[in-house]
Amino acid sequence: MNRSLLTRLGLYAAIAAPSMLLVATDQPFLIQVAIGTLISAILALAWDILSRTGQVSLGHAAFFGIGGYGSALLTPVLGPVLGWAAGILLCGLVAVLLGAVTLRLRRLYFTIATLSFSLSIQVLILVTPGLTGGSTGIMPPVIAGGSPPLQLLFVTGCLVVAAGVSDVFLGRRFRPAFFMIRNNPELAAASGVPVTRLKILAFAVSGMVAGLAGSCYCGLYGYVIPDDVFTTNWNVLPLAVTVLGGMDTTLGPIVGAVVLRLLEELARQAVGGVGYQVVYGAVIILFIVGLPEGLAGLGRVVLRRFRPPGEGTRIKARLAS
Amino acid sequence: MTGVRVRGCTVAFGGLRAIDDLTLDIPANAVTALIGPNGSGKSTFVNMVSGQIPPRGGQVLLDTDAVTGLRPDRIVHKGLARTYQVPRVPKELTIDEVISVPLLYARSDRPLPGGARSAADLARYCGLRPEVTTRCGRLSVSDLRRLEIARALACRPRVLLLDESMAGLSLEDTDQVIGLVRDIHASGVTVVVIEHVMRIIARLCSHAIVLNQGRLLAEGPPPQVLTMASVREAYLGKGFTL
Amino acid sequence: AAQQQQPIKIGVPLPLTGPLAGGGNQILWGIQYAADEVNEAGGLFGRKIELIVEDTKGEPNTSAGVAAKLTAQDKVDAVVGGFGSTADFALLSALQRSEPIFVHPGSSSVRLEETFGKNDWYYHVYIWDYHRQKAAVNFFKSIPGVKTLAIAFEDKLYGTDGAKFTEQYAKEAGLDVVMKEPFRAGTPDFSPILNRAKGLNPDVLFVIGYSGDNIQVARQAAQLGIKPKLLVTQGAGEKRSDFGPAGDNVVVIDLWSAKQTTPGLAEWVKKAEAKRGAEVVSSAVQGYVAMQTLTDAAKAAGSWDRTKILANLGSMTFDTPYGKVAYTPSEMGGKHQLITEKSMIAVQYKPDGGQEVVWPAEKAAAKITYPAQ
Amino acid sequence: MNRFEASLERAGYGELVVIPQLAIQVSGGEMLVLLGPNGAGKTTALKALVGDVDVGRRALRLDGADLSGTPGWRLAHAGIAFVPDGARCFGTATVHENLRGAFEATHRHADAASRRRLFDRAFDLFPILRQRLDQLAGSMSGGQRQMLAIARALMIQPKVLILDEPTAGLAPKLVEELFEALGRIKTTSGCAIVMAEQNFAAAVSVADHCLVLDEGRPALAGTVEQVRSNEKLRVAYLGL
Amino acid sequence: MTTAVIQAVLLALSMAALYAAVAAGLTLTVGVTRIINFAHGEFVMLGAFLTYWLYTRFGLSPWFGMAASGVALAILSAAVYRGFLARVLKQDEHNQLLATLGLSILILNLAIIAWSPDPRVMQAPPLLPTLNLGGVTVPGNNIAVALVGLILFVAMYAIRNYTRYGTQMRFASDDPTLAAHAGINVDRVFELSFVIGGAAAGVSGGLVALVLYVQPTIGVDLVIRAFAIIALGGLGNIPGALIGSAILALTEGLTSTFVPQGGSWGFGIAFVILLLVLVVRPSGLFGKQAHP
Ligand SMILES: Nc1ncnc2c1ncn2[C@@H]1O[C@H](COP(=O)(O)OP(=O)(O)OP(=O)(O)O)[C@@H](O)[C@H]1O
Ligand SMILES: Nc1ncnc2c1ncn2[C@@H]1O[C@H](COP(=O)(O)OP(=O)(O)OP(=O)(O)O)[C@@H](O)[C@H]1O
Ligand SMILES: CC(C)C[C@H](N)C(=O)O
Ligand SMILES: [Mg+2]
Ligand SMILES: [Mg+2]
């Protein structure tokens with residue numbers, strides 16, 4: 001128990017260390033890149049938490065946006081701390097509602113329903129200019145006085161929080177139950193798991209973490225329009241990041257976000273202009289064909305190589321005895 | 001000890017009544033066999049009692065506790081556990097994790113059978129040979145069946161329904177599972193077994209209930225029931241010998 | 001002397017992919033063309049101009065990253081670029097930290113003007129939203145007999161702000177706004193709006209959309225046989241040939257046309273089109289002029305001296321494809337605004353497949369056909 | 001007469017080799033039962049025959065024709081039918097579609113009469129299927145699905161029928177009838193049958209040959225009589 | 001007033017036909033492979049560009065363009081399938097989703113490089129005469145779209161229900177291993193469904209060129225509508241998809257025509273309706289309900 005806590009703290013320190021380093025060395029470009037990367041990592045973690053219950057969402061832009069808009073609009077009213085808390089709670093509330101509505105949906109139906117939801121929410125913002133600023137957007141208070149190094153530190157803090165939440169849901173209490181719900185909800189219910197409640201809990205937590213990512217994002221420059229947060233990009237990005245990094249892990253989405261961004265920047269350097277988006281698409285395809293289990297899967301394979309008495313050999317021994 | 005009482009329950013799929021106005025008692029303090037031809041409604045019975053498919057009309061009682069219409073997980077809390085005919089567990093979970101799910105979620109203060117304290121104890125108790133850290137994707141069918149029993153036991157049930165837990169098991173394995181079921185029963189759990197292998201029924205059960213087309217066809221001690229003409233005709237076949 | 005040979009590095013952040021890629025690439029061509037002109041003539045005080053082009057994808061975070069890279073890593077001498085308001089908001093937020101010379105070819109949201117317009121290093125070429133809508137209303141007023149106006153606008157930032165300002169100025173000008181309906185950019189079906197407008201029979205149907213929308217409205221109106229007295233759109237990069245016969249008599253409000261009567265323009269257009277191998281459109285000129293004003297100001301300064309160049313940018317009059325223009329203060333707090341409603345034009349597509357500038361009178365080569373039928 | 005010969009090397013799952021080496025032969029009209037405790041590798045062996053698991057080397061001959069390199073799906077066309085364990089059916093299709101689809105997949109130019117004949121044979125064997133023609137296979141009971149799975153295999157008019165625990169989950173009466181029917185099928189249609197089975201007592205009534213697997217290795221092989229008379233092995237493996 | 005309603009309904013229905021045409025191929029493919037193929041939208045876009053070029057460069061009739069696009073996209077689909085999708089099909093659904101997304105990004109950006117992001121219009125004369133009945137106008141091209149869209153659907157329906165491949169496709173999607181045991185070449189069947197889906201995408205691309213402008217990004221919105229349509233009707237249910245597209249287009253068209261600010265609302269409302277339908281019927285209007 002104590003030791004696992006220590007390893008966890010070590011892990012969080014390891015996550016935070018590169019950011020500290022960047023801040024210390026004062027690299028404005030890398031700091032900007034890092035901020036964006038970490039925000040997509042937070043969003044991807046949120047997505048992954050939900051996907052562990054078998055709910056593959058293509059609608060996380062909705063929570064991203066609601067979180068961002070919520071905390072931006074509520075901060076002037078409630079102050080920064082309460083404003084953010086309220087914005088993120090709002091996300092949780094919306095997530096609970098959506099979770100309840102999509103509870104019975106399976107696989108592709110669920111995915112399409114979440115996609116529809118994000119499209120509908122976007123329209124809702126457009127048609128309520130009085131409340132939400134409509135299509136002309138809002139001017140949220142800027143985080144950390146607009147200083148990128150401080151913003152990076154703040155976002156890193158948020159990432160560590162998200163990683164902690166993700167770890168809680170990878171713990172003994174939730175991981176097996178979630179996987180059982182994903183794989184065979186009837187079996188889960190027959191094991192005493194309140195399936196509905198856990199599915200909605202996962203939705204709420206995922207929505208709130210996504211909202212946290214959105215709040216960070218909206219607070220970066222002081223101006224956002226709906227088009228900027230409620231777009232397909234934010235629906236798709238967490239999926240891409242998580243699948244490339246490795247699902248059902250905390251490190252996977254973080255590594256995925258870093259690697260995806262790295263690949264993009266490399267492609268930009270190598271190809272430049274418009275062509276790099278082509279490279280980007282091609283790289284995604286190559287990754288999936290070559291590394292179906294993401295980088296985390298690759299990591300596991302490598303680890304197994306270095307740990308001689310693996311599971312496979314043990315079974316063989318039993319058979320032969 | 002607790003028994004299950006079913007009062008006038010019906011489960012229909014479209015026009016087909018898989019359970020047809022069924023009334024029966026499963027005695028406490030016994031290992032009861034639930035047998036009947038394929039499609040006679042045995043699995044549906046289990047689904048109904050465990051809350052997966054709520055009956056249309058009628059009542060299901062756990063002892064004196066009505067559980068009709070409760071959610072499956074609530075019924076588990078009330079003390080009824082079941083296994084599945086075709087075990088389908090998440091491949092990526094380990095034995096330990098699968099058993100830990102009901103240990104964590106099926107709130108109850110009843111003791112685990114065999115003095116077990118942990119998932120590993122339960123796995124050993126049920127005769128699972130692979131290490132508890134083995135992933136389920138690597139288990140053979142017979143191990144999966146044992147795991148399914150262990151998982152159900154981890155619900156700390158008062159009543160345990162075993163849906164074809166011994167189908168396809170070798171003689172040796174069957175013997176072991178029979179021993180296991182006896183032990184579970186001895187620790188104070190009412191057990192219902194669904195099996196098509198009469199050798200098992202004859203050795204294990206003190207009471208037998210025969211379903212046919214969703215209705216009760218016969219009940220009584222197995223030696224008696226298995227020789228009834230109606231049961232032979234509908235279920236056992238003419239060449240049947242024990 | 002070796003120092004002298006170092007190229008002058010200009011950062012060019014633009015949306016080259018993503019939804020704004022169309023305009024971004026046009027602007028890029030204009031900037032490149034202007035830089036090439038200077039380089040072919042021997043450069044600026046013997047130094048070549050080197051462009052460092054970066055794709056912002058039209059995304060704020062990418063824009064901010066690009067801005068930081070250009071200023072901190074590439075250490076550019078000036079930045080010429082930016083297109084699309086939200087991304088440019090992030091771009092400017094990031095640039096603000098190093099305050100480079102920044103000539104901005106392209107965003108029109110007044111939020112930018114209000115927030116960044118007063119900086120002495122910030123020079124904005126493209127009109128602000130209200131300029132464009134003021135010009136549009138001025139144009140409507142110039143047509144005898146126009147009393148009522150129906151507005152259809154794309155429901156995002158561009159269209160919504162446009163519709164808002166248009167309605168405001170139209171009311172001030174005594175025009176009656178009989179319809180103000182949004183549509184989704186890229187929608188395949190404009191028949192709902194067209195049918196509504198048909199019932200209201202306005203003197204002008206004014207569409208504020210992106211190029212695809214403008215073309216599609218004209219086309220569907222023709223197919224459905226709905227003939228507004230005058231269909232007016234705002235230029236967003238589309239060409240006359242895109243419309244075909246459906247474009248007959250459609251009027252486009254724009255910043256610039258190759259047909260406008262500006263002294264020396266015809267020659268410039270001929271050269272530019274030869275180089276481009278295609279029509280030169282308004283947004284390309286935006287990029288060209290942004291770059292041109294910078295190089296002209298630098299040339300006048302005689303060396304790369306930030307203070308002098310900024311002073312020149314603010315005080316000189318530039319001879320551009322728009323005519324003779326200067327950076328002047330604008331209404332909502334901007335200090336250096338190049339194009340205003342005064343330089344805007346209206347072009348009418350003629351049934352012979354050609355087009356003519358019909359407004360304002362001093363740039364016009366033809367009279368407007370109104371009503372269209 | 002059909003003759004089916006197969007030999008396998010290193011069949012298993014990835015790095016895990018379950019069957020190091022195995023060879024079997026069956027002739028048309030004969031039945032071979034594969035026996036052995038759970039986890040002995042019966043399923044793995046059968047799957048290896050039809051190319052469903054990783055195999056180091058696989059050689060298949062049917063009537064002298066070499067089918068070693070033939071992909072799994074073609075084996076059905078060559079007359080080798082496989083019924084996996086677990087009563088697997090096409091759950092979203094109806095009973096009728098399950099049967100007709102299986103027939104059409106292997107009989108490109110068959111006439112309606114032979115189709116009807118095959119349908120009738122399936123219904124004679126399992127009358128319940130006739131009553132449930134329009135039920136979704138996925139909603140049938142475990143035993144009903146098992147019947148459908150066997151019927152589906154018979155629709156391709158196999159020369160070799162490979163069955164993995166076909167009686168698991170079947171009522172005693174049906175087990176009896178199934179073995180009778182398999183006996184009929186092997187004699188009348190000259191089909192060779194390979195079957196993994198736990199129910200030895202029932203199987204030996206129709207089986208001709210017997211192969212006992214233990215931990216992936218053939219522990220005992222021979223005719224049913226030979227196995228029955230081998231006291232030691234009978235006790236060790238069959239509990240008789 | 002009534003003519004206005006009839007007019008609006010007719011035009012919405014012709015839009016429905018366009019959406020349906022785009023969804024037609026996808027219903028077949030999704031029904032078989034269970035992949036949400038995001039690249040379908042880009043296939044439609046490629047079909048539109050091909051039809052456009054064939055007309056603009058060579059003066060070939062859009063009828064011919066549609067057919068040619070169908071063939072071309074069928075070939076491209078086969079190449080894509082063999083190139084990598086076959087492998088991805090064996091992986092889990094997230095990977096499949098991401099793979100088709102990657103493909104869609106790839107094709108979209110290649111198209112932008114090749115043809116620039118600008119919209120273009122095919123100035124072909126209408127394929128059919130315009131229908132004018134008592135104040136109600138239906139443009140000829142919309143009629144052509146409706147006709148071809150319907151034909152596409154009938155073709156998909158026939159392939160699925162009246163050919164041996166239809167059953168094989170369903171078997172293959174249900175349980176690929178078992179299907180192989182039944183003698184079905186699963187790989188071929190998947191490829192076939194993908195190729196047919198691609199051909200339908202190509203043809204529907206031709207329709208897009210007829211009534212819409214041609215631009216590298218047009219596929220994005222269309223494919224999202226197609227997903228909505230498929231979910232509305234029930235995955236793989238072809239008549240269901242037809243009705244789904246009518247619901248979607250009518251909601252959007254009528255809201256836009258008769259509700260103030262409807263142009264914004266319409267799109268959102270259409271998707272809210274999809275959500276509501278799924279709440280009541282989790283497998284779409286005509287989808288088979290989940291089975292054990
Ligand atoms: N979801 C369903 N839809 C339609 N019919 C169903 C459904 N589930 C079960 N049935 C039918 O109900 C009847 C009872 O099925 P059940 O699974 O309870 O049988 P069983 O007694 O468990 O049989 P077996 O011994 O073969 O497992 C069968 O005829 C079956 O086809
Ligand atoms: N998918 C798999 N991955 C890894 N190992 C497996 C897999 N399936 C089976 N095994 C292992 O292979 C061995 C042989 O299993 P197999 O299923 O062939 O036995 P069997 O003789 O058919 O047993 P049963 O009588 O239980 O059906 C077992 O040890 C099992 O754990
Ligand atoms: C569409 C464009 C002309 C740019 C737009 N006005 C903007 O500022 O975002
Ligand atoms: Mg059953
Ligand atoms: Mg087996």
Side-chain angles (χ1 to χ4, degrees), chain A residues 1 48 51-54 103-104 168-202 246-249 252 292-294 296-297 300 303-304 307 309-321, chain B residues 46-47 49-53 70-84 86-108 119 129-131 133-140 143 147-148 150-157 161 163:
Chain A
M1 187 70 211
D48 190 50
S51 89
R52 291 172 202 160
T53 56
L103 203 57
R104 295 197 298 149
V168 168
F169 285 89
L170 281 176
R172 233 181 130 66
R173 173 137 206 113
F174 293 107
R175 192 183 109 104
F178 275 16
F179 283 11
M180 209 180 256
I181 290 173
R182 163 161 88 190
N183 182 269
N184 188 346
E186 274 127 40
L187 185 69
S191 305
V193 177
V195 175
T196 306
R197 220 177 306 154
L198 282 200
K199 270 173 114 171
I200 291 182
L201 174 71
M247 301 187 44
D248 308 329
T249 57
E293 288 188 45
R300 276 194 289 272
L303 272 184
R304 220 171 291 153
R307 216 187 280 152
E311 256 172 46
T313 33
R314 216 179 307 134
I315 286 188
K316 221 182 287 177
R318 188 173 65 78
L319 264 179
S321 69
Chain B
V46 175
N47 285 337
V49 172
S50 64
Q52 219 108 71
I53 308 177
L70 288 187
R71 277 206 327 254
D73 52 303
R74 287 283 166 74
I75 294 180
V76 170
H77 300 327
K78 295 254 181 208
L80 184 131
R82 61 157 308 174
T83 65
Y84 279 87
V86 185
R88 202 158 50 81
V89 285
K91 283 203 275 289
E92 60 268 49
L93 288 185
T94 62
I95 292 177
D96 176 61
E97 284 173 321
V98 169
I99 301 177
S100 74
V101 169
L103 280 181
L104 274 166
Y105 285 92
R107 283 164 277 133
S108 154
R129 277 159 301 182
E131 302 226 1
T133 51
T134 311
R135 284 175 201 277
C136 296
R138 299 173 153 264
L139 296 182
S140 71
D143 281 340
L147 173 62
E148 188 56 8
R151 186 197 56 76
L153 283 178
C155 298
R156 306 167 196 259
L161 306 177
D163 194 355

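Residue numbers start from 1 in every chain, and the chains themselves are labelled A, B, ... in the order their sequence lines are given, proteins ahead of strands.
Heavy-atom pairs under 4.5 Å with chain A peak, among B/P102, B/C155, B/P90, at B/P90. The candidate from B/Q52, B/E97, B/R82 with the greatest count of non-hydrogen atom pairs under 4.5 Å with chain A is B/E97. When each of B/T83, B/T94, B/N47, B/V101 is checked for heavy-atom pairs under 4.5 Å with chain A, B/V101 comes out on top.
Between B/V98 and A/M180, the closest heavy-atom pair is CG1-CE, 3.9 Å. Shown here for A/R175 and B/E92, the closest heavy-atom pair between the two residues is NH2-O, 3.8 Å. Scanning both residues, A/R172 and B/D96, for their nearest heavy atoms gives NH1-OD2, 3.1 Å. Minimum heavy-atom separation, A/A190 to B/R151: O-NH1, 3.6 Å.
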Going by atom type alone, with no hydrogens or angles, which donor-acceptor pairs under 3.5 Å involve a side-chain atom of residues 70-77 of chain B and a protein atom two or more places apart or on another chain?
residue : atom : partner : partner atom : Å
B/R71   : NE   : B/D73   : OD1          : 3.0
B/R71   : NH2  : B/D73   : OD2          : 2.9
B/H77   : NE2  : B/D73   : O            : 3.4
B/H77   : NE2  : B/R107  : NH2          : 3.2

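With rounding to the nearest 0.5 Å, the separation of CZ in A/F178 from CG in B/L93 is 12.5 Å.
Counting heavy atoms from C-beta on, the side chains of A/L187 and B/V89 come closer than 4.5 Å.
In terms of modelled atom types and a separation under 3.5 Å, the side chain of B/Y105 and the main chain of A/R173 share a donor-acceptor contact.
Neither the backbone nor the side chain of A/I181 comes within less than 4.5 Å of any heavy atom of chain B. Contact annotation for B/E148: only side-chain heavy atoms (C-beta onward) come within less than 4.5 Å of a heavy atom of chain A.
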